[in-house]
Amino acid sequence: MSIKKENPKVDFVKNEHEILDYWSKNKTFEKLVEKNSNGPKWSFLDGPITANNPMGVHHAWGRTLKDLYQRYKSMNGHQLRYQNGFDCQGLWVEIEVEKELGIKSKKEVEDLGIEKFVNLCKERVEKFSEVQKDQSIRLGYWMDWDNSYFTMSEENNYAIWAFLKKLHEDGKIYRGTDVVPWSGRSGTSYSQMEIIEGRKLTVHKGVFVKFPLKDKENENILIWTTTPWTLSSNIAVAVNKKINYAKIKANDGSIYYVAETNLKYQRLNKEFAEKKNWVDGVPKLKTLDQIFKERGGYEIIEVINGKKLIGLTYQGPFDHLEPQRTKGGYPIHDTSNLQDKSAIDCHIIIDGGKDSEGNDMVVEGEGTGFVHMAGGCGAIDNKICKREGFVEISPIDNQANFIQGFDFMSGLSVTDPETAQKIISNLKERGLLLYVEDYPHIYPHCWRSGDELVFKQVDEWYINMDWRNKIKSVVDEINWIPNWGRDREHDWLDNMGDWMISKKRFWGLALPIWTFEDGTFHVVGSKEELKELAVEGWEKFDGNTPHRPWVDYVKIKHPKSGLIGTRIEDVGNPWLDAGIVPFSTIKYFEDKSYWEEWFPADFITECFPGQFRNWFYSLLAMSSFLEEKAPFKTLLGHALVKDEKGDEMHKSAGNAIWFDDAAEKMGVDVMRWMYSKQNVENNLLFGYDKADEVRKKLISLWNIYSFFCTYASLDKFSPHSQKIIPKDLTLLDNWIISKSQQLNASAKLNYENFEVDKLLKNVETFLDDLSNWYIRRNRRRFWKSENDSDKYIAYQTLYDVILDLIKVLSPVLPFVTERMYLNITSTDKNENKDSIHLSDFPKCDDDKINNELIEKVDSLKKVIESGRAVRKKANIKVRQPLQSLRVLLNNDEITSFIKDQEETILDELNIKEVLFSDEVKEFGTLTLKPNFKNMKMKFGDEMQDAMKSISDLDPLKVTKNVLNGLAIPKNEHELTKDDLIIDLKANEGSESFLGNDLIVSLDTTISDSLRLEGVLRDLIRQIQLMRKEANFEIDDRIIISANFSDELKNIIEENKEYFMNEVLCKDIVANLENSDYNSSFKYENNEIEISLKKL
RNA sequence: GGGCUUAUAGCUCAGCUGGUUAGAGCGCAUCUCUGAUAAGGAUGAGGUCCGUGGUUCGAGUCCACGUAGGCCCA
């Protein structure tokens, strides 16, 4: 075996597939697990991926991070669990299954049968977990794929049962209410998404109703609503404290309050005029002003601010009915502490505040400036009433008919126009109605049946979060990256409400809550407990997973009251599923000692947005409740993947990139590089152009490697086969080794601190140093024919550097580094034969870092760069030779270094000689400037004063002393060289550079002979270019004719041999017949025409 | 409305506790190499560091106010 030659052109994607095969055949991953099986444990906890669709490029970011840190830890000998997780339960899966079935409602699911539906959900998850597994493997994600956890598993679900049971024992589980969109015909609730689909233009009766104020004779507020049925359940009235209200006196002497600007406001004027969202035949709406005038006129008595109305109490239109009088709301759904209040007690004018988008709840224009709030009949109303601590009245049943207790309304459908009419008549009879109108508006409908939706109060189950401080104290134990994550989590914990854990769906955790006829409930904590309590249906459940519908069959006997109870139909919030993972996957309930070995996790990483109140929250909540400990030590959050322009990727927008396509087009090493170099705080703009940018870097790495392989294979280089005497290493050898060791050290830090983006920035700089300095300046050592020790040293140096580099990169680029490793180490006895991923992470050898040398080479690079800058400034191209570079050195070591590098300088700058000088004046004018930063530290507020000393110093003397390593001359404030910055301004016609212990200056004057030499080289290049354009072979000989000036003729004559050799010219003739190629170029305002003929 | 956060080159972003001429990559322009070559390299143009005040010897950086965006909450 020896090192194979590698083609500079490489198909990275093809290589990735070959390496995947290699790993699988060679069982590389299994070997890694085996190798570290006794190593110190490092616990990574995988956040489960929703196994509902193929994986996207956004998942690949997180998965790359997960993989690379695990690989890094593995290289350091750690033992890992490598357990991947799949998130299985929840509405998203249901929606996809419904799509497949072509159905869209809960009703249809029930018609199909819950068992069938749930089984389809399971199948879908199983299918896509397989797909995602294959995709992850393609990405190079090394996991124990036979051992993934699924949140739908029994252990996961029962673990949550145990958790909920414990909460219940602490009295933290309670039944509350929420108000959701509801279809009476389907008898089901609707999601927010479905509502948006089903909006439809409808005409409702808009009613203006009087609410008499209490304690104010004959004074009323006027409310307006398009859902008269909700008046039955009025709780409160909201105003806007920022707008003004007019107190008006109508003709009959009664007083009304309405928003001042609403009086003359022409409602829906635009809609009517443009007939947009307007129903034919509906008359124009009247202004309040008109309505009052039609009733005999009115006058404004005074105008007051809304603030003054807050706190007034009023009489509701249905206060005589039982629901309004019942303490605790009607019917009582809530077990919380509102037992002593009835709806009537809540009839108060309140401040409406803002809605979720920051808009005022009560606005000017529409309505009357008073909004009637029915906490049991509207989502927003419900929130506000809950906020105010008001009771709720829920007037309807599942069919959206009035329940008992509502007098003439009971049994009527609330969406039936007849019902509205009956309510209106009743209000009129009782003198509460001011006016009725037809009001067209867009209103949510059941998109399927076309029925109007209503808002219905439903039972929901909550965890009382009054123990949030327990979670908050745990948050501070965690290392949050980026660290603002901590504040974000605290912010959420401070502001969150109780945790609603129920969902009225089918596929999910079966909440282990059984209710009893006396209104009590019992939480079951395990399968065993369920079996013990079961009195019915166990045989139908046994053998099935704890899901609906099977678990619903089981009826239990209450352990205390002995009553028979039924499970609630709800399933659990899916974040419970993911939050229990630090317990369920590592056997908290079965094998505590195993659990203790792996808890808490050392590391988790997830996409930030949303998780503060989802996964992070559920993890923290569950863990702090069960153990009062953080479930993980470090959390790395990353932002989102967007398209190249920064827009959201959407299937419909056509800008989505599929993982599979991206993997095969750009290659996963490129993808992983892209993800890894990204600052995790910023969104990643993903696209093929971006990938090409990264691919260039990868090609650069590959070129270094293929250069090495090409020559190493020619010379049959074998690492460590010869003894090397350290002093034989060249300066550049030592330099690149220093740089390489530095990289090892910083890489380790970068990985340990989870900031791999910094690593890649360092690597990119290192690649540049290696490629453009070390290799470019050392090429000749590899080319030369003799196999001497210098050549061997060059090989061994480059080998060591490449080996460390690819090891450092192997967690990020597992494929390409594997190929490189297997090739270059094939004869290296110190390395394993299997895989780079079985090798140890390179150590940094501090003895090999020579900081002085690094500084020197940096100076050299700086010299050459500034030389080039001078050329550009003087508009002298590199092809034009210049005479000299003047150098001042006071240090033998540096002198020898520069002498050693003379060849480099001559070559890079295209100059004739390097001159050594010791006269500072020759380089330009010196000035001394204060080094503010240092002086501030040293002198503090007296810095101003100390700066005066600078003018007492002679810049020339200071510079000489500094260059000689001496202290600077004595001065009043005892300034040292660190307090000063020496500024060197070059003389005319040259450019100077002042380094730590050297000064250089480039002479930019062009003598005549130099100019001519430049001209000749220009001419040669032009002819070479023509040869290329003419498609001549490299070794074709030619004849030239041209209208050369005398000057050119002379130069060519003087350098004939050189010229003819360079362009492979046999003869220069005056006239050329049948030339093969003609062209011309400009030279000092002369057009030179040249003809070439191939021999 | 409250909280958090961002604003720097055409684009995407760096810029540590205030310090001297504000950087990188891409793009663009010009040049260059041609024995790693469908590569590589150099140089340059391009900035009111969102605005206005303030603190300071000194502000992209700190403070206040404002403007515009993003996120979260109610």
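Computed from a predicted structure; not experimentally measured. Protein chains get the first letters and strands the later ones, always in sequence-line order, with residue 1 at the start of each.
- The side chain of A/Arg779 contributes an N or O atom lying less than 4.0 Å from OP1 or OP2 of B/A36.
- A/Tyr795 and A/Asp715 are linked by a side-chain donor-acceptor pair at a separation below 3.5 angstrom, with hydrogens and angles left out of the test.
- Comparing A/Gln678 and A/Arg488 by the nucleotide of RNA chain B that holds the closest heavy atom to each, the one mapping nearer the 5' end is A/Gln678.
- The separation between A/Asp692 atom CG and B/C11 atom P is 21 Å, rounded to whole Å.
- Side-chain proximity of A/Lys690 to B/U12, B/G41, B/C26: nearest is B/U12.
- Across all strands shown, the partner of B/A64 is B/U52, judged by Watson-Crick or G-U wobble contacts whose two distances both fall under 3.5 Å.
- Nucleic acid contact class of A/Ser771 (heavy atoms, under 4.0 Å, all strands): base.
- Residues A/Ser706 and A/Arg613 both approach RNA chain B. Their nearest nucleotides, taken by heavy-atom distance, put A/Ser706 toward the 5′ side.
- For the C1' atoms, the distance from B/U48 to B/U30 is 29 Å, rounded to whole Å.
- Using atom C1' as the reference point in both B/A38 and B/U34, the two lie 14 Å apart (nearest Å).
- Taking the P atom of each, B/U67 and B/G46 are spaced 34 Å apart, rounded to whole Å.
- For the P atoms, the distance linking B/U61 with B/C50 amounts to 8 Å, nearest Å.
- Atom CZ in A/Phe612 sits about 12 Å away from atom C1' in B/U5, given to the nearest Å.
- Residue contacts for A/Lys761: at a heavy-atom cut-off of 4.0 Å it reaches no nucleic acid atom on any strand shown.
- B/G40 atom C1' lies 13 Å from atom CZ of A/Phe707, rounded to whole Å.
- For the 3.5 Å distance criterion, the side chains of A/Glu392 and A/Thr177 qualify, holding a donor opposite an acceptor.
- As rounded to the nearest Å, B/C33 and B/G40 have C1' atoms that lie 8 Å from one another.
- Aromatic rings of A/Tyr617 and A/Phe612 (six-membered ring for Trp) have centroids beyond the 6.0 Å cut-off, not under it.
- The pairing partner recorded for B/A9 is none, the criterion being a Watson-Crick or G-U wobble arrangement whose two distances lie under 3.5 angstrom.
- Among the heavy atoms of the strands lying under 4.0 Å from A/Pro930 is at least one base atom, whether or not backbone atoms are also near.
- Taking the side chain of A/Ile704 as heavy atoms from C-beta on, and the options B/G41, B/A36, B/A39, the nearest nucleotide is B/A36.
- Side-chain contact between A/Asn464 and A/Trp499: absent, with no pair of heavy atoms (C-beta onward) separated by less than 4.5 Å.
- Going from the P atom of B/G60 to that of B/G69 covers 26 Å, rounded to whole Å.
- B/A24 and B/G18 have their C1' atoms separated by 23 Å, with the value rounded to a whole Å.
- Other residues, nucleotides and ligands contribute more than 12 heavy atoms inside 6.0 Å of the NZ atom of A/Lys472.
- B/C11 atom P lies 18 Å from atom NZ of A/Lys642, rounded to whole Å.
- In this structure, B/G47 forms no base pair with any nucleotide, since neither Watson-Crick nor G-U wobble geometry is met with both distances under 3.5 Å.
- As rounded to whole Å, 14 Å separates atom C1' of B/G15 from atom CD of A/Glu681.
- Nucleotides B/G35 and B/C31, compared at atom C1', are 23 Å apart to the nearest Å.
- Summarising the local packing, NZ of A/Lys241 is surrounded by 12 or fewer heavy atoms from other residues, nucleotides or ligands at distances under 6.0 Å.
- Taking the six-membered ring for Trp, A/Phe766 and A/Trp773 have ring centres at least 6.0 Å apart.
- Candidate nucleotides B/A39, B/G41, B/G25 were compared by shortest atom distance to the side chain of A/Ile699, and B/A39 ranks first.
- When rounded to the nearest whole Å, the span between NZ of A/Lys383 and C1' of B/C73 equals 11 Å.
- To the nearest angstrom, C1' of B/A24 lies 11 Å from CD of A/Glu693.
- Rounding to whole angstrom units, CD of residue A/Glu648 and C1' of B/C71 are separated by 13 Å.
- The aromatic ring of A/Phe932 sits over the base of B/G19, with ring centres less than 5.5 Å apart and planes inclined by under 30°.
- Considering only side-chain atoms of A/Asn495, the nucleotide from B/C73, B/A14, B/G41 that sits closest is B/C73.
- Considering only the side chain of A/Asn772, B/G40 comes nearest among B/A36, B/C26, B/G40.
- In the set B/G19, B/A14, B/A38, the nucleotide with an atom closest to the side chain of A/Asn682 is B/A14.
- The side chain of A/Tyr711 approaches B/G35 more closely than any other nucleotide in the set B/G40, B/A39, B/G35.
- The distance between the ring centers of A/Phe707 and A/Phe782 falls below 6.0 angstrom.
- Listed pair A/Asn679 / B/A14 meets the phosphate criterion, a side-chain N or O lying under 4.0 Å from OP1 or OP2.
- Among the nucleotides B/G19, B/U12, B/G3, the one closest to any side-chain atom of A/Leu685 is B/U12.
- In this structure, B/A42 forms a base pair with B/U30, meeting either the Watson-Crick or the G-U wobble geometry with both donor-acceptor distances under 3.5 Å.
- Using a 4.0 Å heavy-atom distance criterion, A/Lys9 is classed as a base contact.
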